[in-house]
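One structure is given below, encoded as structure tokens.
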Amino acid sequence: NIVANYLKATIELGRGNATEANRLFGGIQERLREYPPALLLDGLIKFNVDQFSQAERSLARYLAIVPSNLAARRVLAASYMRLNNLQGAVEELDRVLAVDPGDPVALQMLASTQKRLGQFDAAAATYEKLRASGDANTSRQADTALSLLGDGAAERLKSELLPSDEVAREVQLVLELIRSREFQPALARIEALKQKYPNNLVFPNLEGGVYLAERSYGSFLRQIPL
């Protein structure tokens, strides 16, 4: 039953059970190839089961039909980020911000993408927009990011724990990767920092944060300095 399984897949995705939603939707997907809401559902399911290429294809097809859905466009941008198509992500986020310049999620994603591209001045300008959003929590997050980008960090933080703007920016990028659950790229960057600064406890603690986010508690406990 197409309708029943479509609704069940939608419910399971809403419950956070993307694997079951993917199983249910897989049996009816071919019969719903031209139905725009099904394209959107498929894109969301595939994103949540880490099948980012499939998510990108379904979301791009959906947005060609329904270009006004900004939430879907943000997920497409996130898919591009996971696929390391950073320029594609920027283009999608620019489309969102052309309609809603104050969209905090799109601004945060844009700043993250700009940092990955090495466009730190552009990222700082984006964080300035977030700081002016009027939301206290968003403003605090923007202040922290600007500090790590080299704009007003405390002297001790800069001199003892984050000895250069380059390192501060690397730490900020690692935090972004953890937030977006891109754990292996985060670990690779942390390992490079540990090799370069073997006596700095910031980096083992960041590594522990990755393992904690992955719910790998055994690995996490091994990273706690004793």
Side-chain angles (χ1 to χ4, degrees), residues 1-117 126 130 133 135 137-138 141 175-186 210 213-215:
N1 187 305
I2 296 176
V3 174
N5 280 288
Y6 178 84
L7 293 174
K8 285 170 69 177
T10 304
I11 290 168
E12 291 298 333
L13 182 64
R15 288 174 172 169
N17 192 353
T19 300
E20 177 63 10
N22 195 36
R23 185 191 70 79
L24 289 165
F25 191 73
I28 59 173
Q29 183 175 357
E30 287 301 314
R31 290 180 283 177
L32 294 171
R33 290 177 62 87
E34 305 305 321
Y35 182 49
L39 290 171
L40 175 59
L41 178 61
D42 184 50
L44 296 175
I45 289 172
K46 294 301 191 292
F47 182 84
N48 280 280
V49 295
D50 296 341
Q51 296 179 11
F52 302 115
S53 294
Q54 295 92 321
E56 181 268 326
R57 284 196 293 270
S58 290
L59 290 168
R61 287 186 61 203
Y62 170 77
L63 286 164
I65 302 168
V66 189
S68 60
N69 191 328
L70 300 185
R73 206 169 285 285
R74 288 198 299 264
V75 180
L76 178 57
S79 299
Y80 282 139
M81 291 172 71
R82 297 296 182 88
L83 293 166
N84 205 35
N85 180 359
L86 301 180
Q87 193 54 49
V90 169
E91 290 171 3
E92 290 302 322
L93 293 168
D94 283 344
R95 292 186 179 103
V96 173
L97 294 168
V99 178
D100 183 3
D103 185 317
V105 175
L107 286 170
Q108 180 67 52
M109 292 174 66
L110 180 60
S112 176
T113 306
Q114 289 166 333
K115 284 185 291 187
R116 298 186 199 196
L117 287 166
T126 302
L130 276 167
S133 67
D135 178 79
N137 187 52
T138 299
Q141 292 176 356
L175 293 173
E176 290 288 348
L177 291 169
I178 295 171
R179 186 185 62 81
S180 62
R181 303 187 66 79
E182 296 175 72
F183 299 125
Q184 292 309 308
V210 175
E214 287 184 309
R215 298 296 189 267

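For this chain, numbers begin at 1 and follow the sequence in order.
We find the OH-CD1 distance between Tyr35 and Ile28 to be 10.5 Å, quoted to the nearest 0.5 Å. Once rounded to the nearest 0.5 Å, the distance linking CG of Asn69 with CG of Leu76 reads 11.0 Å. For the atom pair Leu107 CG and Leu130 CG, the distance stands at 4.5 Å (nearest 0.5 Å). Between Arg15 atom CZ and Thr10 atom OG1 the span is 11.5 Å, to the nearest 0.5 Å. Remark: Leu59 CG to Asp42 CG distance equals 8.0 Å, nearest 0.5 Å. Put simply, CD on Gln51 and CD on Glu56 are 13.5 Å apart, with the number rounded to the nearest 0.5 Å.
Each of Thr19, Asn17, Leu13 was scored for a side chain to side chain contact (heavy atoms under 4.5 Å, CB included) with Asn48, with one residue passing: Leu13.
In plain terms, the two heavy atoms of Tyr62 and Pro36 that are nearest each other are CD1-O, 3.1 Å. Ala9 and Leu41 get closest at one heavy-atom pair: CB-CD2, 4.3 Å.
Judged as a side chain to side chain donor-acceptor pair (under 3.5 Å), and not counting sequence neighbours, the contacts of Thr126 are Gln114. With sequence neighbours left out, Asn5 forms a side chain to side chain donor-acceptor pair (under 3.5 Å) with no residue at all. Under the salt bridge (charged side-chain N to carboxylate O under 4.0 Å, His left out) criterion, Arg23 pairs with Glu20, sequence neighbours left out. Legend: residues meeting salt bridge (charged side-chain N to carboxylate O under 4.0 Å, His left out) with Arg31, ordered by chain and number and at least two apart, are absent.
Val66 places a side-chain heavy atom less than 4.5 Å from the side chain of Ser68. Taking the side chain as every heavy atom from C-beta outward, Glu34 and Leu39 never approach each other to under 4.5 Å. Using a 4.5 Å heavy-atom cutoff, the side chains of Ile65 and Arg61 are not in contact.
Within the 3.5 Å criterion, the main-chain N or O of Met109 finds a donor-acceptor partner in the side chain of Thr113.
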Do Arg116 and Glu182 pass the salt bridge (Lys or Arg N to Asp or Glu O under 4.0 Å) test, and can you show the C-alpha distance, the side-chain angles, and the key distance before you say yes or no?
CA-CA 13 Å; Arg116 298 186 199 196; Glu182 296 175 72; 3.0 Å; yes
Take Ser53 and Arg57, measure what side chain to side chain contact (heavy atoms under 4.5 Å, CB included) needs, and give me the verdict at the end.
CA-CA 6 Å; Ser53 294; Arg57 284 196 293 270; 4.1 Å; yes
Listing, residues 77-84 side-chain donor-acceptor contacts under 3.5 Å, not counting sequence neighbours, or none:
| unit_1 | atom_1 | unit_2 | atom_2 | d |
| --- | --- | --- | --- | --- |
| Ser79 | OG | Val75 | O | 3.0 |
| Arg82 | NE | Ser180 | O | 3.3 |
| Arg82 | NH2 | Ser180 | O | 2.2 |

Side-chain donor-acceptor pairs under 3.5 Å in residues 85-103, sequence neighbours left out?
| unit_1 | atom_1 | unit_2 | atom_2 | d |
| --- | --- | --- | --- | --- |
| Asn85 | OD1 | Gly88 | N | 3.0 |
| Glu92 | OE1 | Arg73 | NH1 | 2.7 |
| Glu92 | OE2 | Arg95 | NH1 | 2.7 |
| Asp100 | OD1 | Gly102 | N | 3.4 |
| Asp103 | OD1 | Val105 | N | 3.0 |
| Asp103 | OD1 | Ala106 | N | 3.0 |
| Asp103 | OD2 | Arg74 | NH1 | 2.6 |

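Ring geometry for Phe25 against Tyr6 counts as tilted: the plane angle lies between 30° and 60°, on a 0 to 90° scale.
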